A.B. asks: 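Please read through the structure below; I'll follow up with questions.
FYI, side chains are in, hydrogens and waters are out, and symmetry mates aren't considered; it's all heavy atoms of this structure. What you are looking at is a predicted structure, and each value in this text was computed from that prediction instead of being measured.
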Amino acid sequence: MALDLIIRNARLSGAGADNPTVDIGVRGGIIVAVAPNFAGDGPEHDARGKLVSPGLIESHFHLDKAMSIDRVPMQPDRMVRDHMKRTASIKHTFTAEDIYARAAATIEQCLLHGVTHMRTQVEVDPNVGLLGFEVIEQLRKDYAWAIDIQPCVFLQEGWTDVPGADENLVHCLDRGAPVVGGGIRYDKDGPGQIRRVFGLAQHYDVDVDFHLDGGHDVKNPDYPQVCEITDRIRWQGRVAFGHGSRFSCMPVKEQAAVGKRLGESGVSLAVLPATDLFNSGRHMEHSVMRGVTDANTLIEHGANCTLSTNNVLNPFTPYGDCSLTRIANLYANVVQRYGPKDLGVCFEMITDRAAKVMRLGDYGIEAGKAADLVVWDEELPSDVIAKCALPLAGFKRGRRIFLRELPTLQRPPKTQL
């Protein structure tokens, strides 16, 4: 059988170290065979017994304001939480060329860390207009050879009684935006915004992805309203939200109830460790809370959860190298999870569980699925998380998009020892 690519000696997720490796055959961008010692002809990549996984998925990202930290005023005091205000202060200076350059550089770093799919939030507030959406649409086309980008349009700085805000969102949906969201915390009528988002989702038949239940006040959470509407309009499996940091301030018994409710309604949560850790507890002088929800607990009680980077080098998160495995490792440290089982779930949250959120029907390593594949410098998914492992190679629809050579020690000759 003539093929476009054969990845030899691949170890799949779930296969123990003693299990035989397999070969993965690809033709026309699609996996056509997964079997030991597959008899096919074509260009080969030897995985050398290392883990091969589907491409990583960034389920909640902000490309339009990435790499902008050097342009905002410095934070005057650690205990001040003014990240949105400082970001808003520069959005009127954004240009198409500026957004494109910053977002493209961010995308390329994500690619080199194994990301092949991304849902990016796109702000269309009146002070930036449709500029971000138009640029992301162009980037989506320009980088289709390496990554599938799914934009979620939303209003970060308020919706209710904001002139032009609703019109901007509707315009993007008219142009085919596949996901609509909202920044509930910064609206004077949060419940009203939630209702409006769902109304638009129904009208345009699109998915929903909120920013929800941030902060530390556990009173009056937003997720029950989201679950109730999701059930009522039968939007199960099409609704997600990011943050949920207030759940980290609940006793485990209450967290379990949250997980059960989310699971029953098919509403997914993206935990955003870097951002929530950086922003949480700014009202506290000592013994500062972590603010990162234990997604493993929610999953154990029925919810679907993901881990994502959210921000890179902007006021909300002034760090980042676009390594999603580093984010997962940070999460595991903060919520104190370790070992093959827990870290295996962490790997699921940046692969299969994220694919479920984005409803990717062609995701996975089996015949008939898209050949979006990553080769790792480890044998087990848990080790990828534990060691912040680097990907050795990445493929998009069977075409190699990067190759990494690891550094080697330059040992002196034995005669010099």
Side-chain angles (χ1 to χ4, degrees), residues 59-60 81 184-185 190 194 209-228 230-231 236-237 239-310 324-354 356-357 381-382 385-386:
S59 53
H60 188 114
R81 193 182 187 282
I184 310 307
R185 187 172 186 173
I194 290 172
D209 197 333
F210 291 105
H211 293 68
L212 211 68
D213 282 329
H216 60 275
D217 184 359
V218 299
K219 299 177 183 177
N220 302 314
D222 299 308
Y223 80 91
Q225 181 190 7
V226 169
C227 289
E228 186 275 322
T230 299
D231 291 340
Q236 293 93 339
V239 180
F241 66 99
H243 294 291
S245 50
R246 70 169 66 182
F247 305 147
S248 70
C249 301
M250 296 178 174
V252 173
K253 185 176 180 180
E254 294 180 24
Q255 293 180 42
V258 172
K260 185 174 185 294
R261 184 71 179 90
L262 294 178
E264 290 171 345
S265 296
V267 175
S268 297
L269 166 65
V271 173
L272 312 171
T275 300
D276 289 336
L277 187 61
F278 182 73
N279 290 317
S280 294
R282 289 186 174 270
H283 61 295
M284 306 173 74
E285 291 185 348
H286 61 89
S287 301
V288 178
M289 65 175 58
R290 294 177 297 215
V292 177
T293 289
D294 184 357
N296 288 63
T297 292
L298 301 185
I299 288 170
E300 288 164 4
H301 290 86
N304 184 51
C305 297
T306 66
L307 299 171
S308 201
T309 297
N310 193 35
L324 190 48
T325 55
R326 183 184 64 81
I327 291 293
N329 177 280
L330 173 65
Y331 160 82
N333 271 277
V334 172
V335 301
Q336 300 168 334
R337 294 282 185 168
Y338 77 102
K341 180 182 177 181
D342 284 352
L343 297 187
V345 172
C346 291
F347 194 78
E348 290 176 5
M349 285 193 275
I350 58 176
T351 52
D352 299 284
R353 289 184 174 276
K356 183 177 180 181
V357 171
S382 56
I385 304 301

A.B. asks: Of all the heavy-atom pairs spanning Gln236 and Thr230, show the shortest one and how long it is.
C.D. replies: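 So the two residues come closest at N-CG2, 3.6 Å.
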A.B. asks: So, for Met284 and Met289, which heavy atoms are closest and what is the spacing to 0.1 Å?
C.D. replies: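 So the two residues come closest at SD-N, 3.5 Å.
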A.B. asks: Under the side chain to side chain contact (heavy atoms under 4.5 Å, CB included) criterion, do Val258 and Glu254 qualify, and how do the steps go?
C.D. replies: CA-CA 6 Å; Val258 172; Glu254 294 180 24; 5.7 Å; no
A.B. asks: Give the minimum heavy-atom separation between Thr293 and Gly244, together with the two atoms involved.
C.D. replies: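 Of all heavy-atom pairs spanning Thr293 and Gly244, the closest is OG1-O, 2.6 Å.
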A.B. asks: More than 12 non-hydrogen atoms from neighbouring residues, nucleotides or ligands closer than 6.0 Å to CG on Asn333, yes or no?
C.D. replies: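 Yes - once you tally the heavy atoms of other residues, nucleotides and ligands closer than 6.0 Å, there are more than 12.
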A.B. asks: Using modelled atom types only, decide if a donor and an acceptor are shared between the side chain of Tyr331 and the backbone of Ala295 within a distance under 3.5 Å.
C.D. replies: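 Such a contact is found between Tyr331 side chain and Ala295 backbone.
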A.B. asks: Atom CG of Asp222 and atom CD1 of Ile194: how far apart are they, to the nearest 0.5 Å?
C.D. replies: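 Atom-to-atom, Asp222:CG and Ile194:CD1 are 4.5 Å apart.
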A.B. asks: Given side chain to side chain donor-acceptor pair (under 3.5 Å), test His211 with His60 step by step and report yes or no.
C.D. replies: CA-CA 10 Å; His211 293 68; His60 188 114; 3.2 Å; yes
A.B. asks: Distance from Cys346 atom SG to Ile327 atom CD1, nearest 0.5 Å?
C.D. replies: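 Going from the SG atom of Cys346 to the CD1 atom of Ile327 covers 12.5 Å.
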A.B. asks: Hey, does the side chain of Asn279 reach the backbone of Thr275 with a donor-acceptor pair shorter than 3.5 angstrom?
C.D. replies: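 Yes: the side chain of Asn279 pairs with the backbone of Thr275.
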A.B. asks: How long is the span from the CZ atom in Arg353 to the CD atom in Glu348, to the nearest 0.5 Å?
C.D. replies: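 Answer rounded to 0.5 Å: 5.0 Å.
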A.B. asks: Is the side chain of Asp294 donor-acceptor paired with the backbone N or O of Val335 at a distance under 3.5 Å, no angle test?
C.D. replies: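 Here the side-chain-to-backbone pair does not exist.
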A.B. asks: Would you say the side chain of Val271 lies within less than 4.5 Å of the side chain of Thr306, judging by non-hydrogen atoms?
C.D. replies: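 No, side chains not in contact.
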A.B. asks: If you look at every heavy atom in Phe247 and Leu298, which pair is closest and at what distance?
C.D. replies: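 Reported closest heavy-atom pair: CD1-CD1, 4.5 Å.
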A.B. asks: Does a side-chain N-to-carboxylate-O contact under 4.0 Å join Glu300 and Arg337?
C.D. replies: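 The answer is yes: the pair qualifies as a salt bridge.
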A.B. asks: Working to the nearest 0.5 Å, report the span between NE2 of His243 and CD1 of Ile184.
C.D. replies: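 So the gap between those two atoms works out to 11.5 Å.
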A.B. asks: Quick check against the 3.5 Å criterion: does Ser59 have a side-chain atom that pairs as donor or acceptor with the backbone of Ala354?
C.D. replies: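 It does not hold such a pair.
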A.B. asks: Salt bridge or not between Asp276 and Arg246? Use side-chain N to carboxylate O under 4.0 Å.
C.D. replies: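 Not counted as a salt bridge, because no side-chain N and carboxylate O are separated by less than 4.0 Å.
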A.B. asks: The test is side chain to side chain contact (heavy atoms under 4.5 Å, CB included); show your working for Val267 and Phe241 and say whether it passes.
C.D. replies: CA-CA 8 Å; Val267 175; Phe241 66 99; 3.8 Å; yes
A.B. asks: Decide side chain to side chain contact (heavy atoms under 4.5 Å, CB included) for Leu330 and Leu277; before the verdict, give the C-alpha distance in whole Å, the side-chain angles of both, and the deciding distance to 0.1 Å.
C.D. replies: CA-CA 10 Å; Leu330 173 65; Leu277 187 61; 4.0 Å; yes
A.B. asks: Taking all non-hydrogen atoms of both residues, which atom of Leu269 and which atom of Gly242 are closest, and how far apart?
C.D. replies: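 Smallest heavy-atom distance, with atoms named: CD1-C, 4.3 Å.
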A.B. asks: Between Cys249 and Val218, what is the shortest heavy-atom contact and its length?
C.D. replies: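 Between these two residues, the closest heavy atoms are CB-CG1, 3.8 Å.
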A.B. asks: Is there a donor-acceptor contact under 3.5 Å from the side chain of Ser265 to the main chain of Leu262?
C.D. replies: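 No; judged by distance alone, with no hydrogens or angles, the pair does not exist.
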A.B. asks: Take Val239 and Val226, measure what side chain to side chain contact (heavy atoms under 4.5 Å, CB included) needs, and give me the verdict at the end.
C.D. replies: CA-CA 8 Å; Val239 180; Val226 169; 3.7 Å; yes
A.B. asks: So do Thr309 and Leu272 actually touch side chain to side chain, heavy atoms under 4.5 Å?
C.D. replies: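 Leu272 vs Thr309: side chains apart.
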A.B. asks: Look up atom OG1 in Thr351 and atom NZ in Lys356, then write down how far apart they are to the nearest 0.5 Å.
C.D. replies: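 Thr351 atom OG1 to Lys356 atom NZ measures 13.0 Å (nearest 0.5 Å).
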A.B. asks: Are Arg185 and Asp213 close enough for a salt bridge, meaning some N to O gap below 4.0 Å?
C.D. replies: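 Salt bridge absent between Arg185 and Asp213.
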A.B. asks: Measure the spacing between OG of Ser245 and CZ of Arg290 and express it to the nearest 0.5 Å.
C.D. replies: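 These two atoms lie 13.5 Å from each other.
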